[in-house]
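Remarks on the structure that follows.
Residues: numbered from 1 along the sequence shown.
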Amino acid sequence: MSWAQSVTQCVQSGGTLASVEDLAESNFLAEHADLYTTKTSGFWIGIHRNVYGQLLWQDNSALDFVNWGEGQPSEGQLDYCVELSALSGYWSILPCSSQRGFICKKLKCNITISITLNLFTDPQKGEAHGHMNMWILLTLVLIILIGMVFIIYFLFKIKTQRETEREVRRSSTVLEYSHVLTERDDEYDSANKKEKYEHSIV
């Protein structure tokens with residue numbers, strides 16, 4: 001990514017491009033940057049030249065420590081930005097549009113520092129990473145949709161089963177009621193016949 005894109009990424013993640021305050025921090029960054037030499041030759045850090053040619057940290061901290069490579073910085077490169085070499089740990093001036101990884105520094109609540117090495121050194125690699133994220137997102141959406149279809153199917157099945165059970169209960173109730181009515185009619189008929197028989201005997 002370019003220096004400006006790196007600044008934007010760091011700000012969006014809640015930090016700034018790294019400022020290096022002393023030799024211990026510089027060695028720490030160089031040690032970790034060395035692990036990524038196969039992916040990038042350097043990382044943007046938060047030092048840059050302003051329009052007046054002054055070197056400043058992005059987070060406005062004092063520029064008390066420097067770790068320049070040999071012959072750096074060149075006075076004729078006022079609009080350039082600074083990278084930390086992944087191989088040596090020394091700093092050098094590069095055009096701000098150059099493609100590099102970047103190091104973000106985030107302050108946590110207890111004032112400890114969290115360093116993030118970002119490896120989107122090549123826009124095409126970043127784009128490929130974006131495509132991978134898109135496929136993962138689409139897969140998750142598909143899984144969620146399939147899950148919703150199963151839930152709807154089972155809810156429909158349960159509803160249908162309950163309606164069937166209600167219909168069976170309603171039918172059995174009607175049968176029981178008609179059976180009771182038939183028994184009453186039979187009792188009524190037999191009572192009438194018995195009464196007629198008794199009347200005929202008398």
Side-chain angles (χ1 to χ4, degrees), residues 1-21 24-48 56-61 80-89 91-92 94-169:
M1 291 187 164
S2 70
W3 191 86
Q5 291 169 325
S6 301
V7 169
T8 302
Q9 284 288 329
C10 286
V11 169
Q12 287 176 348
S13 67
T16 60
L17 280 178
S19 58
V20 184
E21 297 174 10
E25 189 172 8
S26 181
N27 289 339
F28 172 83
L29 292 175
E31 179 182 315
H32 286 83
D34 185 48
L35 300 173
Y36 300 100
T37 54
T38 59
K39 298 184 182 200
T40 183
S41 61
F43 294 91
W44 292 123
I45 56 175
I47 193 171
H48 67 284
L56 302 170
W57 288 114
Q58 184 200 359
D59 65 3
N60 296 320
S61 59
Y80 284 30
C81 298
V82 178
E83 74 155 347
L84 177 137
S85 169
L87 292 171
S88 67
W91 306 349
S92 57
L94 288 178
C96 296
S97 60
S98 299
Q99 300 296 303
R100 294 289 185 265
F102 56 100
I103 302 172
C104 293
K105 184 186 247 186
K106 298 177 189 177
L107 293 179
K108 293 188 178 180
C109 293
N110 60 359
I111 314 298
T112 59
I113 296 172
S114 168
I115 303 293
T116 307
L117 297 176
N118 294 283
L119 299 175
F120 293 111
T121 59
D122 183 343
Q124 292 173 344
K125 287 182 186 174
E127 188 174 308
H129 185 72
H131 288 304
M132 177 68 88
N133 287 342
M134 182 60 73
W135 282 111
I136 291 170
L137 180 64
L138 287 174
T139 303
L140 288 174
V141 167
L142 183 62
I143 290 169
I144 289 169
L145 287 175
I146 290 170
M148 288 176 63
V149 166
F150 276 114
I151 289 171
I152 290 169
Y153 169 76
F154 286 116
L155 289 176
F156 178 75
K157 188 174 178 180
I158 289 169
K159 181 181 177 189
T160 306
Q161 185 177 8
R162 284 183 182 166
E163 287 175 358
T164 305
E165 288 172 358
R166 279 190 207 127
E167 189 63 36
V168 167
R169 272 190 254 129

Report yes or no: does [X] contribute a side-chain atom to a donor-acceptor pair with the main-chain N or O of [Y] at less than 3.5 Å?
X: K106; Y: G14; result: no
X: E25; Y: E21; result: yes
X: W3; Y: Q99; result: no
X: W44; Y: M1; result: yes

Aromatic ring pairing H32/F28, orientation class (parallel under 30°, perpendicular over 60°, tilted between): tilted

Where Q58 and L17 come nearest, the two heavy atoms and their spacing: OE1-N, 2.6 Å

Considering all heavy atoms, the nearest C96-S2 contact: O-CB, 3.5 Å

Distance from [X] atom [atom1] to [Y] atom [atom2], nearest 0.5 Å?
X: W57; Y: I45; atom1: CH2; atom2: CD1; value: 4.5 Å
X: T164; Y: E167; atom1: OG1; atom2: CD; value: 8.5 Å
X: C81; Y: R100; atom1: SG; atom2: CZ; value: 11.5 Å
X: E31; Y: L29; atom1: CD; atom2: CG; value: 10.0 Å
X: Q5; Y: S97; atom1: CD; atom2: OG; value: 10.0 Å
X: I144; Y: T139; atom1: CD1; atom2: OG1; value: 11.0 Å

Within-4.5 Å side-chain heavy-atom neighbours: V20 and W91: yes

side-chain hydrogen bond (donor to acceptor under 3.5 Å, both in side chains) partners for S13, two or more places apart: none

Q9/C104 under side-chain contact (heavy atoms from CB on, under 4.5 Å): CA gap, chis, key distance, verdict: CA-CA 9 Å; Q9 284 288 329; C104 293; 5.6 Å; no

